[in-house]
Amino acid sequence: MSLPFNVASHLDHALRETATKLGLADRGFQPDVRVADPANGDFQANGALAFAKREKQNPRAVAQQIVDELAGLQADFTFELAGPGFINFRIKPAALLAWLQAYGSEQQLQSGAAGAKSGQTWVVDYSSPNTAKQMHVGHLRSAVIGEAICRLLTFSGAKVIRDNHLGDWGTQFGKLIYGYKRWADQNALATDAIEELERIYKLGHGATPDGSPELDEARRELVKLQNGDAENVALWQKFSDVSLAAFQQIYDRLGIKFDHNLGESFYNNQVDRIYRELADTKISEVSEGAQVVFHPEHPRYKTQPFIMRKADGASNYASTDLATALYRVEHFNADGIVVVTDFRQADHFEQLFLTVQKWFAAKQYRLPELHHVTFGAVTGEDGKALKTRDGGVIKLKALLDEAEERAFALVSEKNPDSPESERREIARVVGVSSVQYADLSQNRSSNYVFSWEKMLSLEGNTAPYLLYAVTRVRSIFRKAGLDPAHPPVGDASAPETAQEINLARKLVKFPDAVQLATNTLRPHFLGLYLYELAGDYSTFYAADKVIVDDPAVRARRLLLCHRTLVTLETGLHLLGLRTLERM
Ligand code: ARG
């Protein structure tokens, strides 16, 4: 019998059972199993410490009491009591082998992981740009982080609904229509619609200064749109369509496919119910003519209002977001909602979630888990906002083009003799992956410095390094004339050398990295794991020759190579990256 996929939760269960038997569970004992410092073992249970402290007992005695009852774990682990009352567990080589034999493909890894969130539905709201505008570098993070989160949740067994909450409603459309009716250039629209819409909007904005009759005219266009005027609605629809088509080109390059594009406009006719329910439940009040929500229990929001309907009666970002939360529960049956935006929207979402909690409780609607996933800014190496040479914003399309060009130069330098089409294809993957991974390898809460040199480097925690690690493992199979889809590893014996054991121990911890990244909604934890795995693989490969004559040794080393390959590829795909056969 092999260990289950997630060895840490297996230990957790075993310790809970033991604690129940000993009567410790009733008194609140929690095993607290974590990945250990490799010098101490594979996993460490720290629970005796907190328990003993609370119960005024000797922690070593508590831990010893548990250790004495763990005979059932002896088949798979060696363990010992350590320090002030930790229990350290080390997986035995035979158990490592059995685990590696059991989880040999992306699919097997996935079915191992799928228990965590199976039966749950998660709505992930990400990318969500405003229409009629180009996507620029600031839009990169939400798209890349959001997609990785979708894949992590799917891997854990959740049904994931990808929802692009477009900013497609608001006063700017009055000015845009005003400008469109005067200055639209149909030829320009046919070649690059978004570029042209941006130009028209700028003209419209410039021609309608505050207090001018032109602004009144733009407002009339907006009111006509809001009242369903056929011409203006058709224009607005056109703006949305061309914007989405342009966004889709970026999404294709990033491997993103949305299930829905339910933008702000979609919720605009659903806000009356929101106004009514929040007023009826007395969660909202009227302040200076606006409908607002205060949160008296909160230090800031007891005085800072959440304005959910403006004094002139118009809806706003808050009204549509309240309607969005309700829709996601009523129509998608969401168990969890994740919204990915930059940190500057933190107050909005905090107020939104507090309001939703009170409102859903009052109406007895089912409350899903609500997560605002924030991220920091992307800056240049000077720490300032990233700009083009002439000070403009960097368009996402241009950024991805440049990444591919730079990758092409590198690939050509390394393989001058391979055909251009092949070098182009490799460069497409390396270029885009580098940009994605530069973002994903960082803790999303930090600002990150955009550096071409760093992200394209073959050294360090970068996409080229990881993609190259994948191709290096693949080349072992290629050179030996073996198909990595059917590795001859059935006869493998348990890992033996220090490097083999070290690599096997790392492979078995893939579930922990996935779980940590999923539960915290922080993909960089998985990135870091993959980087460390690639390092352990290099150490192993440098020390232990794989293609040797002894069939048992050869099979067990091929097993390690193969599982490294599968784990690296699975992990990179989970982050939204594509992988390569050669580089
Ligand atoms: N359109 C917004 C922006 O560009 C992001 C929307 C995020 N989602 C939401 N439900 N508010 O900043």
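Order of appearance sets the numbers: ligands from 1, and atoms from 1 within every ligand.
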Check each atom of ligand 1 against the heavy atoms of Asp321 and keep those under 4.0 Å away; list them by number with element.
-> 9 (C), 10 (N), 11 (N)
Report yes if some N/O of Gln345 lies less than 3.5 Å from some N/O of ligand 1; otherwise report no.
-> yes
Do Asn232 side-chain atoms and Lys224 backbone N/O form a donor-acceptor pair below 3.5 Å?
-> no
Where is the nearest protein heavy atom to atom 2 (C) of ligand 1: which residue, which atom, and how far?
-> Ser128 O, 3.5 Å
N-O pairing of Glu198 and Lys202 below 4.0 Å = no
Hey, what's the ring geometry for Tyr327 with His331, parallel, tilted or perpendicular (30° and 60° as the breaks)?
-> parallel
Is a donor on one side and an acceptor on the other found under 3.5 Å between the side chain of His136 and the backbone of Gly138?
-> yes
One should read off an interatomic distance between Ile145 CD1 and Gln442 CD, to the nearest 0.5 angstrom, of 10.0 Å
In ligand 1, which numbered atoms sit nearer than 4.0 Å to a non-hydrogen atom of Asp125?
-> 7 (C), 8 (N), 9 (C), 10 (N)
Taking non-hydrogen atoms only, is Phe349 closer than 4.0 angstrom to ligand 1 via side chain, backbone, both or neither?
-> side chain
Looking only at N/O atoms, are His348 and ligand 1 under 3.5 Å apart anywhere?
-> no
With a cut-off of 4.0 Å, which atoms of ligand 1 are near a heavy atom of Thr341?
-> 7 (C)
Residue-ligand contact Thr324/ligand 1, heavy atom below 4.0 Å = no
Can you list the residues that meet the salt bridge (Lys or Arg N to Asp or Glu O under 4.0 Å) rule with Arg300, with sequence neighbours excluded?
-> Asp347
Output the list of atoms in ligand 1 that are nearer than 4.0 Å to some heavy atom of Tyr317, sorted by atom number.
-> 2 (C), 5 (C), 6 (C), 7 (C), 9 (C), 11 (N)
Is it true that a side-chain atom of Arg162 and a backbone atom of Asp125 form a donor plus acceptor pair closer than 3.5 Å?
-> no
Side chain or backbone of Leu166 under 4.0 Å from ligand 1, or both, or neither, by non-hydrogen atoms?
-> neither
